[in-house]
Structures are given as structure tokens and as C-alpha cells.
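The basis for the numbers below is simple: all heavy atoms, side chains too, and nothing from hydrogens, waters or symmetry mates.
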Amino acid sequence: MARWCYRHRLVVLLLWLGALFGLGFSASTAGTNYANVFSLPDTDSKSAYDLMEKAFPNTSGDTDTVVWKVDEGSVRDQAVRDRIRPVLDDIAKMPGVGAVTSPYAARGAGQVSKDGTIAYAQVTFVKRANEVPKELVQDVLDTAQGADRAGLQVELGGQAIQRVQEPPQGLSEGVGIVAAAVVLFLAFGSFFAMTLPIAIAVFGVGTGLFATQLLSHTTDVPDIAPLLASLIGLGVGIDYALFIVTRHRKGIQRGLDPEEAAVTALNTSGRAVLFAGGTVCIALAGMLVTRLRFLDGVVIGTSLTVVLSVLAATTLLPALLGFLGPRVLSRRQRRRLAAQGPESEGASGLAARWSTAVEKRPRRIAALALVFMAVLAVPVLSLRLGATDQGNDDASTTTRKAYDLLAEGFGPGFNGPLQVVTEGGETSALVKGLQDTPGVAQVAALPPARGVTVIQVVPTTSPQSVETDRLIDRLRDDVIPAAGVQAHVGGVTAVSKDFSTVTGDRLPLFIATIIGLGFLLLLVAFRSLVVPLTAALMNLIAAAASFGVLVAIFQWGWGLELLGLGKEGPINAFLPVIMLSLLFGLSMDYQVFLVSRMHEEWVHTRDNARAVRVGLAETSRVINSAALIMVCVFMAFVLSGDSGAAMAGVGLAAAVALDAFILRTALVPAAMHLLGNANWWLPGWLEKRLPHLAVEPKEEAVPSTAAGAADTRAGAGADGGPASAVHGYVRTAEGDPVEGASVTLLSAGGRQLDRVVSLADGSYIVSVPAPGTYLLAAAAPSYGSRARHVVVGEGPLVYDVELAEVSEDEVDAVN
């Protein structure tokens with residue numbers, strides 16, 4: 001497939017462009033229909049909601065609040081009335097506004113604070129918050145704040161108002177892409193190579209978001225799903241393309257022509273990308289076991305975006321590589337390749353030195369890493385799930401100011417009243433019991449409607465307070481049963497509490513599910529029991545440490561002002577499930593890329609120390625680069641204006657950084673050095689029953705005695721040397737010998753097996769570990785490069801290579 005996409009690159013590009021613009025046009029025509037469905041069957045708040053829907057079936061429109069405060073005097077003063085009343089009248093006349101409830105109306109006395117300095121009016125739109133046109137909301141906001149003057153403060157709160165004060169759509173994605181581009185340019189040193197992962201992410205995320213928008217018309221998709229889908233889509237799209245492009249560039253630098261390098265890259269790293277993308281989708285699908293309808297749409301949006309990102313990386317990317325050819329390397333790299341010939345295999349520099357250090361001191365490094373992660377995990381012991389509201393917004397926003405004014409004038413609990421709902425029966429005893437309950441500031445029974453009575457209860461504490469949660473339990477367990485009636489406690493605060501409780505109860509099952517599925521996938525892929533067990537343990541450590549960071553920042557408030565993220569509060573109840581899904585999927589990516597290279601080396605050498613050392617040295621740099629890109633993309637979502645997305649962004653950024661820089665770079669390789677050959681142990685009976693799922697293309701094992709050196713003897717297989725050889729001459733088109741040409745033998749998976757330099761007569765001989773199909777590449781300064789597949793049987797193969805001379809004004813296929 002990679003070869004077909006490479007050769008038919010224009011067709012592939014046009015198909016992707018058609019898909020992107022076609023879905024974009026359809027989505028823009030259809031519009032959005034996102035819906036936040038917090039339906040929790042068999043909960044008390046759900047029963048209360050059902051009764052309220054029966055009593056008030058036509059109250060689906062969003063209700064927002066206009067709040068004003070005077071510095072001196074009273075809001076009842078004629079000067080204040082004359083300034084506020086025309087504003088409220090103008091808002092009431094706007095198309096799309098259903099009603100405005102003014103404190104200056106006959107029954108508006110309850111909308112003025114006891115000291116007379118704060119009042120509020122309620123603006124009810126005819127549609128839900130996500131359906132109200134932003135232009136209308138902006139008109140309401142501008143009209144209301146037009147009454148603001150010295151001594152009179154006017155602020156607005158509500159979901160619709162919150163939507164218009166968010167930063168421009170796409171700002172966080174744009175900042176993330178720019179930051180990723182900087183990291184990619186530093187990693188590749190080539191502008192063209194830098195654009196490839198960005199392009200793949202844009203196509204993958206673009207088609208994913210448009211498709212999710214269309215699906216919102218057929219199923220319930222929450223409005224946070226597109227944000228989370230773009231967050232994870234950008235991260236995995238850029239990362240997956242990075243892994244493939246890195247392998248492709250290495251292939252060219254080692255003497256392959258661009259087409260063979262692309263095919264080899266897709267056949268190796270491309271397989272790992274497919275496997276990694278599958279693990280991310282499986283981890284995301286694990287959310288379905290919680291049976292929380294709110295998360296179903298999140299699973300759809302994020303999984304669809306990941307699938308399309310993987311599809312773009314495995315089809316569109318080889319096509320784009322075909323357009324670029326050798327320009328995927330920087331000019332300096334192309335000049336060096338032309339002058340010095342192909343590079344030898346093997347890592348060098350800081351990565352190689354660090355890998356050697358881990359091999360020498362595994363106990364010390366493992367202990368330091370464990371202590372560091374344990375310290376970060378300590379705050380998770382005080383984790384409290386809940387729901388953020390506009391009281392957590394930044395202090396400079398009008399929604400936060402309105403929230404604070406209402407709390408100041410009417411009490412902290414006014415922003416999150418409870419609704420006690422009962423059907424039929426006498427409610428006087430219930431009202432009396434509610435009024436006498438400690439923690440209740442105000443009780444007001446609304447007139448019965450359709451046999452249903454709603455009693456509004458205002459707590460003395462804020463919606464996010466622990467005392468408010470205890471009050472809800474007291475009302476359900478003691479007050480309502482004592483009144484002898486059948487009633488249910490509902491309202492946004494009660495729904496949030498029930499959602500947190502249900503999520504917490506189902507979290508262990510969810511964690512067990514995704515860990516179990518991840519274990520089975522790694523077991524099949526790497527034919528080992530210890531590797532998946534290690535991965536599961538590391539995932540739990542990463543989760544604990546990242547949630548510790550999240551609690552310290554968002555629940556304890558450490559650094560919130562620095563990040564501009566408002567006020568501390570509980571962790572969103574839905575976040576652990578979403579974050580654990582993404583974390584387990586992404587950490588599995590890094591585990592696959594790291595261990596697949598170790599496993600490849602183990603298959604060839606049966607030397608665990610060498611396998612771990614080589615695997616870490618050759619993958620740590622690209623894993624760390626990928627993680628740095630992820631961190632940049634995730635942190636950019638702090639700018640999204642959505643507290644849930646900002647919280648997920650910070651949490652995932654911390655999780656990826658800890659996973660890549662501490663666990664995969666230090667703790668995992670140190671543990672594998674300590675475990676030795678046990679890493680690759682699998683009982684024989686289980687080996688026979690497991691299906692075969694190769695992350696890397698199947699290659700013959702090389703005897704360990706032959707792995708380290710380039711033995712050029714032919715036919716020495718019996719004494720531990722190579723089983724056969726390829727030999728011949730490197731000549732020009734005129735038949736002249738080419739001295740000093742670099743001849744490299746690579747496995748079908750792109751692994752360098754032997755490399756020699758031709759002699760004065762042009763002769764060469766490379767060793768072959770076993771019969772099979774290999775790739776033979778030859779290159780020399782001032783000559784073109786050549787790469788061909790060769791099939792080696794039981795005996796030596798004679799194969800002559802012809803190189804064409806390249807003039808100074810020409811550039812061959814590789815150089």
C-alpha cells in the first residue's frame with residue numbers, strides 16, 4: 001500500500017483534499033447540534049429531572065443573568081431604575097429572547113439583596129445555550145454593559161454569555177501547531193520535513209472534527225468532544241507522522257533511494273503506528289464500560305479523529321514523501337550524504353551515552369525515578385471529584401464577576417440552588433423540615449404544576465463545597481423520609497454530585513478494563529508476560545503522578561494565577577475517565593515504539609542488555625521529541641477558554657512529560673536491565689495458543705555470535721558466522737571499477753546487517769545471516785545511489801552494482 005501511495009501520490013492527495021473540503025462544506029451547511037446529556041439512570045437527581053420535565057415541558061431555553069451593584073445608595077433609587085429599565089426593555093425586544101424577569105416588576109422583590117445594593121434580572125432565550133446565535137448574545141452583553149458607569153457595576157453570567165467571552169475558535173489549536181512546528185524544525189533541521197507532520201495532523205484533525213460535527217445531528221455529542229478530539233488528534237497525528245518521517249530519513253541517510261526508504265518506513269514504523277493507534281482507540285472505547293451517556297459522544301469524536309489521523313499517516317504521508325523526494329533531508333544532510341556516503345547504523349551522542357549510563361547503574365536510576373514519581377503522586381490522596389462552574393473562571397471575566405456579585409448579595413449557595421421535587425401530597429411538613437435543616441439559607445415552594453411541586457432550597461455554602469454535598473445527603477437520608485413524603489433532590493449541584501459518585505464507583509472497573517486490554521495487546525505483540533506487566537505498572541504510576549500534579553494545580557490552586565486559569569475547585573468528575581483513556585493510549589504508544597525496537601534487537605541477538613541499550617539509544621530521542629510536541633499541543637489548550645479542556649490539557653501535558661522523560665527514558669529501561677532475559681519469557685503452552693501479531697515485519701533471528709561484527713566470510717554458517725554472502729563488483733556504466741563505494745545490506749524491515757567499502761578493483765562482499773530477501777544499497781561520492789532487493793539462497797549470491805556518475809549541476813534520486 002505504501003508503494004502504491006508513493007507512486008500515485010497526486011491521486012492520494014486529491015482524494016484527501018476532496019474528503020477534507022467535502023466534509024467541511026457539509027458540516028458548515030448542516031451546522032452543529034452538540035448536546036450535553038448528563039443522564040444518570042437510577043439516580044435521585046434523574047428522578048427529580050423527570051418530574052420537572054413533566055411539570056415544565058417548555059423551559060428548554062437557556063436562562064442567563066444580568067447583575068448590577070451600586071457603590072452608594074440602593075438599586076431601587078430612581079436614577080438606577082431609569083438607567084437599568086430601558087436596557088432590560090431593549091433586551092426583551094430582541095429576536096430570540098423569550099422573556100426578561102426584572103426586579104422592578106410586581107413580584108421582583110426577591111431579586112434585590114437585603115442591603116439593597118445588588119439586584120439581578122433573568123434573561124431567558126428561546127433556545128439552548130449552544131444554539132443561541134453568538135451575535136444575539138453579544139448584543140445582549142453590549143446592551144447590558146452599556147448601562148455601566150461610575151458607581152454602577154453591571155455584569156452578566158450564564159452559559160450563553162460564557163460562550164461569547166471565550167477566545168477565538170481555533171486559537172489553542174493554532175498555538176499548538178506553531179509550537180509543534182518549532183520543535184519539529186529543531187529536530188529535523190529541514191523546513192519540508194517539518195511541514196509533513198503538521199500537514200498530516202491538519203488533515204486528520206480537520207476531517208475528524210467535520211465528521212464529528214455531522215454526527216452530532218444523529219447522536220448526542222457533548223460540546224467538549226470537539227475540543228478533546230482536536231487535542232488528542234493534533235498530538236497523535238503529529239507524533240505518528242514524526243515516527244514515520246524519522247525512519248524514512250534514516251533510510252535515505254543509510255543509502256536507500258526515497259521510494260525504498262518510504263516503503264521500509266511504512267513497513268516498520270507504519271506498523272507500529274497502526275498498532276499504537278489501535279491501542280489508543282481501545283483505551284478510548286474503555287470509557288463505554290462506565291455506561292455514562294455523556295462520554296459516548298466523547299468516545300465517538302476522539303476515536304474517529306484518531307482513526308483518521310492514523311489513516312492519513314499511512315496513506316497521505318507516503319504520497320507527500322513522494323512529492324518531496326530527497327528534500328526531506330536538510331541541505332547540509334544531503335551534501336554530507338553526497339560527500340561521505342551512507343551513514344552507519346547505530347545511535348551516538350547524548351542518547352547513546354544516557355543508554356550506557358542506564359545499563360551501568362540501573363538500580364540507582366530506577367530508585368530515583370520511583371521516588372520522584374511517588375512524591376508527585378502524594379496529592380492524589382486528596383482528590384475530590386465535582387464540577388467546575390463560572391466561579392472558577394478567571395477573575396477578569398464578566399461571568400466570574402457576576403458569580404461573585406450574586407454570592408455577595410444573596411449568599412454563596414445562590415449560584416447552585418437545589419430543587420426538591422415531589423408529586424402530589426401535602427408539602428407543608430417537608431417545607432418546615434427543610435427550613436429547620438442546618439446549612440439551608442432559604443426555602444421557597446413554587447406553585448404546583450401538573451401535580452408536581454418544586455421547592456427551591458438555597459444552601460448556605462457554595463455549590464462546590466463539601467458541606468453542600470453533605471447537605472444533599474442529609475436531605476435525602478433524613479429530612480425527606482422524616483416528612484413522610486416521596487421527594488427527590490435535583491438541580492445542577494445535585495446532578496454534579498451524583499455524576500461524581502457514579503463516576504467514582506465505576507472508575508475501578510474502567511481502569512481494570514483498559515489495563516487488561518492493553519496487557520493482552522502487548523502480550524500478543526511482544527510474546528512476553530513481563531513486558532505487558534511492566535507496562536501496566538508504569539501506566540498506573542504515570543496516572544497517579546499526573547493526577548497528583550492536577551490536584552496540586554487545580555484543587556489546591558498552586559500556580560493557577562500564573563497559568564491564568566481562575567480559581568481552584570474540585571476536579572471535573574468526567575476528567576479521570578477521559579484523561580486515563582488518553583493517558584493509557586498515549587503511554588502505550590511510547591511503550592510500543594520503545595519496546596518494538598528492543599524486541600527487534602532481541603530477536604536478532606538474544607542479548608537482553610544489548611537489546612535494551614540499543615532500543616533506548618535509537619528511540620529515546622524521537623520519543624522525547626514526540627513527547628515535547630505533545631506537551632506543547634496540550635498546554636496550548638489552556639487558551640481554549642473552556643475549563644474542562646484546560647484541565648485536560650494541563651493534566652495530559654504533565655502525564656506525557658512524566659511518561660516519556662521519566663518512565664520510558666529511565667524507569668522502564670532500568671527495570672528491563674534488572675529483569676534480564678526474564679523480560680522475554682513466555683510459557684511454551686501459551687506461545688502455541690497466542691495469535692501472531694507482529695508490530696515489526698518478521699525477520700530471521702541472527703545467531704548472537706554474529707550480531708556484533710561484520711564477518712565477511714561466505715558460507716560459514718556452521719561455525720556461527722554468516723550463513724551466506726552477497727559479493728560482486730561496483731562499476732560505472734562504462735565498466736570502470738568504483739573504489740570506496742559504500743555497500744550496505746539491510747533486512748526487509750530496514751535494519752542494517754552489514755556495511756563494507758569497495759576495494760580498488762571495485763569488489764565487495766557483505767555477509768548474509770540466513771537465506772531470504774534483503775535490500776542491497778550502494779553509494780559513492782560523485783555517483784548516484786542505488787538500492788535493489790536481492791534474494792539469497794543457500795549459497796553465495798553474485799551481484800554486480802552499476803552506479804551512474806552525477807555532474808555538479810545534477811542531483812540524483814538520493815543525494
Side-chain angles (χ1 to χ4, degrees), residues 32-38 48-49 51-68 75 81 84-113 118-147 154-165 223 389-390 398-399 401-403 405-406 409-410 414-419 421 442 444-450 452-456 458 463 490-493 495:
T32 63
N33 191 28
Y34 297 119
N36 295 321
V37 180
F38 287 96
Y49 175 82
L51 286 176
M52 290 184 67
E53 195 173 39
K54 174 185 175 182
F56 309 103
N58 299 317
T59 57
S60 59
D62 183 61
T63 299
D64 289 46
T65 309
V66 181
V67 191
W68 58 96
V75 294
R81 288 172 179 257
I84 295 295
R85 269 180 169 169
V87 168
L88 298 181
D89 291 341
D90 289 343
I91 293 174
K93 296 174 184 176
M94 292 181 182
V97 175
V100 175
T101 307
S102 171
Y104 301 130
R107 297 182 180 179
Q111 294 172 234
V112 179
S113 63
I118 298 175
Y120 71 90
Q122 290 185 322
V123 179
T124 302
F125 295 98
V126 297
K127 295 182 178 181
R128 294 179 298 180
N130 61 304
E131 297 174 341
V132 179
K134 284 192 175 183
E135 295 78 11
L136 170 60
V137 181
Q138 189 65 52
D139 287 344
V140 171
L141 181 64
D142 294 340
T143 302
Q145 291 192 329
V154 181
E155 306 293 348
L156 292 89
Q159 291 185 22
I161 300 297
Q162 190 172 36
R163 288 181 65 228
V164 300
Q165 70 176 11
D223 53 13
D389 56 26
Q390 294 178 3
T398 187
T399 50
K401 292 174 181 177
Y403 186 99
L405 286 179
L406 289 173
F410 302 93
F414 186 81
N415 285 295
L418 307 175
Q419 278 88 40
V421 189
Q442 181 182 342
L446 302 180
R450 303 175 192 270
V452 176
T453 301
V454 178
I455 305 171
Q456 182 161 290
V458 178
V492 174
T493 305
V495 170

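Of all non-hydrogen atoms in Ala160 and Val137, the two that sit nearest each other are O-CG1, 3.4 Å. Nearest heavy-atom pair, Ala144 versus Val66, reported as atom, atom and distance to 0.1 Å: CB-CG1, 4.1 Å. In terms of heavy-atom proximity, Pro103 sits nearest to Ala119 at CG-CB, 4.1 Å. When every heavy atom of Ser113 is checked against every heavy atom of Gly409, the shortest pair comes out as CB-O, 3.3 Å.
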- Message: The test is side chain to side chain contact (heavy atoms under 4.5 Å, CB included); show your working for Met94 and Thr143 and say whether it passes.
- Response: CA-CA 11 Å; Met94 292 181 182; Thr143 302; 3.3 Å; yes
- Test log, rule side chain to side chain contact (heavy atoms under 4.5 Å, CB included), inputs Asn415 and Phe410: CA-CA 9 Å; Asn415 285 295; Phe410 302 93; over 6 Å; no
- side chain to side chain contact (heavy atoms under 4.5 Å, CB included) between Val67 and Tyr403, intermediate numbers included: CA-CA 9 Å; Val67 191; Tyr403 186 99; over 6 Å; no
- Task: Begin with the C-alpha distance, continue with both residues' side-chain angles, and end with the deciding distance and a verdict on side-chain hydrogen bond (donor to acceptor under 3.5 Å, both in side chains) for Thr398 and Glu155.
- Result: CA-CA 5 Å; Thr398 187; Glu155 306 293 348; 2.7 Å; yes
- Assess whether side chain to side chain contact (heavy atoms under 4.5 Å, CB included) is satisfied between Val123 and Leu88, documenting all intermediate values. CA-CA 9 Å; Val123 179; Leu88 298 181; 5.6 Å; no
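Note that CG of Asp90 and CZ of Arg85 are 14.0 Å apart. Values are rounded to the nearest 0.5 Å. Summarising the geometry, atom CD belonging to Gln390 is positioned 10.0 Å from atom CG belonging to Leu406; distances are rounded to the nearest 0.5 Å. Rounding to the nearest 0.5 angstrom, the gap separating the CZ atom in Arg163 from the CG atom in Asp64 is 10.5 Å. Taking CG of Leu156 as the start and CD1 of Ile91 as the end, the distance is 7.0 Å to the nearest 0.5 Å. Of the inter-residue distances, the one linking Gln456 atom CD with Leu446 atom CG reads 6.5 Å to the nearest 0.5 angstrom. With rounding to the nearest 0.5 angstrom, the OG1 atom of Thr65 is 11.5 Å from the CG atom of Leu405.
Ring geometry for Trp68 versus Tyr104: interplanar angle of 30 to 60°, hence tilted.
Looking only at side-chain heavy atoms (C-beta outward), Val75 and Val112 come within less than 4.5 Å of each other. Side-chain contact between Val97 and Leu136: present, with at least one pair of heavy atoms (C-beta onward) separated by less than 4.5 Å. With a 4.5 Å cut-off on side-chain heavy atoms, Val454 and Met52 count as touching.
A centroid separation of less than 6.0 Å is found between the aromatic rings of Tyr120 and Phe414.
Side chain of Thr124 to backbone of Thr63: no donor-acceptor contact under 3.5 angstrom is found. Using a distance-only test at 3.5 Å, with no hydrogens or angles considered, a donor-acceptor pair links the side chain of Gln111 to the main chain of Thr101.
Between the side chains of Thr399 and Gln162, no donor-acceptor pair is found at a separation under 3.5 Å.
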